[in-house]
Amino acid sequence: MKKIFKLIIVSILICSFLTPYTAFAETNEAATEWQDIELTDEEFESLLVNNPNNAVSTYTTGLITRYGISVSKSGSNLVITGVTNCMGDVVKCGFSKVTIQQRKNSNSSWSNYQSYSSLYIDKYSYNLSKTLAVPSGYQYRVTCTHYAKKSLFSTEKIDNTSNIVTF
């Protein structure tokens, strides 16, 4: 009897592991999906460097050699520009998470508007240039985590926050 009971339990477990599950990403219903935009190298660098609160850094140690995140305004669109440069021997370089945050005014607290994760490339440099239509009447910023992976035991993460723009 115990053997039959064990076989039933094992069969149920095997079936549960083989049953496909559908996972849905968390989204904000009011938000639209962000779009890739094409920028020249000069446009990209000027958006990234010319914002006063930007944290472009070339003085890092470890796997990430340069990083930065920035937002700007283009009509009713939020333009997000970011970079993660890594050592040449990394296997993943990019952003583990990018979160767009909004608030009504300077006295309000930030709330997450839209989040994206696992933005990687299998090379040593990842340039992020996206645009997203956002509602007016809010301030926006982007928080992110720059990510580099060399091996299972050699990874680096750097948290960063962009400048603030008002719509």
Side-chain angles (χ1 to χ4, degrees), residues 13-14 16-29 31-74 77-103 109-134 139-165:
L13 287 174
I14 289 173
S16 69
F17 289 128
L18 297 177
T19 304
Y21 293 98
T22 304
F24 297 98
E26 179 183 344
T27 60
N28 183 340
E29 292 298 323
T32 58
E33 200 62 30
W34 64 355
Q35 304 293 319
D36 288 325
I37 55 173
E38 293 293 324
L39 297 173
T40 65
D41 290 341
E42 292 81 22
E43 290 172 324
F44 182 81
E45 287 298 322
S46 70
L47 287 172
L48 194 60
V49 174
N50 289 335
N51 286 308
N53 297 327
N54 200 15
V56 173
S57 175
T58 55
Y59 302 107
T60 61
T61 60
L63 300 176
I64 298 175
T65 59
R66 180 174 182 245
Y67 63 92
I69 191 77
S70 179
V71 292
S72 60
K73 184 177 172 179
S74 177
N77 292 328
L78 185 68
V79 178
I80 302 148
T81 310
V83 65
T84 304
N85 289 345
C86 304
M87 301 294 283
D89 54 351
V90 299
V91 294
K92 281 195 180 191
C93 181
F95 298 85
S96 60
K97 187 167 187 176
V98 175
T99 303
I100 300 158
Q101 297 181 325
Q102 71 179 138
R103 67 181 180 186
S109 61
W110 291 102
S111 63
N112 292 346
Y113 179 70
Q114 193 84 359
S115 290
Y116 303 93
S117 60
S118 302
L119 303 170
Y120 305 124
I121 193 166
D122 295 335
K123 295 183 180 178
Y124 61 89
S125 182
Y126 186 94
N127 289 344
L128 176 71
S129 51
K130 305 278 188 181
T131 183
L132 177 71
V134 294
Q139 294 178 333
Y140 293 92
R141 73 176 184 183
V142 174
T143 62
C144 68
T145 302
H146 301 273
Y147 179 79
K149 177 181 178 181
K150 183 176 178 180
S151 67
L152 182 61
F153 302 109
S154 180
T155 61
E156 183 177 14
K157 292 181 179 182
I158 299 174
D159 292 327
N160 199 358
T161 304
S162 74
N163 56 303
I164 299 169
V165 293

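Values in this document were obtained by computation on a predicted structure and should not be read as measured data.
When all heavy atoms of Gly68 and Asn160 are compared, the closest pair comes out as CA-ND2, 3.7 Å. The shortest heavy-atom contact between Arg103 and Ser109 is CB-O, 3.5 Å. For the pair Gly94 and Thr84, the tightest heavy-atom approach, listed with the atom from each and the gap, is O-OG1, 3.2 Å. The nearest pair of heavy atoms linking Ala148 to Cys86 is CB-SG, 3.6 Å. The heavy-atom pair separating Ile69 from Gly82 by the smallest distance is CD1-CA, 3.9 Å. What you find for Val90 and Lys123 is that their closest heavy atoms are CG2-O, 3.7 Å.
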Decide side-chain contact (heavy atoms from CB on, under 4.5 Å) for Val165 and Leu78; before the verdict, give the C-alpha distance in whole Å, the side-chain angles of both, and the deciding distance to 0.1 Å.
CA-CA 9 Å; Val165 293; Leu78 185 68; 3.4 Å; yes
Start with the C-alpha gap between Tyr140 and Ile80, add the side-chain angles, then the distance that decides, and say whether side-chain contact (heavy atoms from CB on, under 4.5 Å) holds.
CA-CA 11 Å; Tyr140 293 92; Ile80 302 148; over 6 Å; no
For side-chain contact (heavy atoms from CB on, under 4.5 Å), just list the numbers for Leu132 and Ile100, CA-CA rounded to whole Å, side-chain angles, deciding distance to a tenth of an Å, and then say yes or no.
CA-CA 10 Å; Leu132 177 71; Ile100 300 158; 3.4 Å; yes
Please assess Thr143 against Gln101 for the test side-chain contact (heavy atoms from CB on, under 4.5 Å), listing each intermediate value before the final yes or no.
CA-CA 8 Å; Thr143 62; Gln101 297 181 325; 3.5 Å; yes
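Lys157 contributes atom NZ, which lies 13.0 Å from atom CG of Leu63 (distance to the nearest 0.5 angstrom). The NZ atom of Lys150 lies 11.5 Å from the CD atom of Glu156; values are rounded to the nearest 0.5 Å. For the atom pair CG of Asn163 and OG of Ser72, the computed distance is 8.0 Å after rounding to the nearest 0.5 Å. Summarising the geometry, atom OH belonging to Tyr126 is positioned 12.5 Å from atom NZ belonging to Lys92; distances are rounded to the nearest 0.5 Å. Taken to the nearest 0.5 Å, the CD atom of Gln114 stands 10.0 Å off from the CD atom of Gln102. Rounded to the nearest 0.5 Å, atoms CZ (Phe95) and OH (Tyr67) are 11.5 Å apart.
Thr65 and Asn85 share no side-chain donor-acceptor pair at under 3.5 Å. No hydrogens or angles considered: nothing links the side chains of Ser129 and Thr81 as a donor-acceptor pair under 3.5 Å.
Among residues two or more places apart in sequence or in another chain, the ring-ring contact (aromatic ring centres under 6.0 Å, His included) test is passed with Tyr147 by Tyr120. For the salt bridge (Lys or Arg N to Asp or Glu O under 4.0 Å) test, no residue two or more places apart in sequence or in another chain qualifies with Lys149.
No side-chain heavy atom of Thr99 sits less than 4.5 Å from a side-chain heavy atom of Val142. Trp110 is listed as a side-chain neighbour of Arg141, based on a closest heavy-atom distance under 4.5 Å.
The side-chain contact (heavy atoms from CB on, under 4.5 Å) test with Ser96 singles out one residue from Asp159, Leu119, Thr155, Thr145, and that residue is Thr145.
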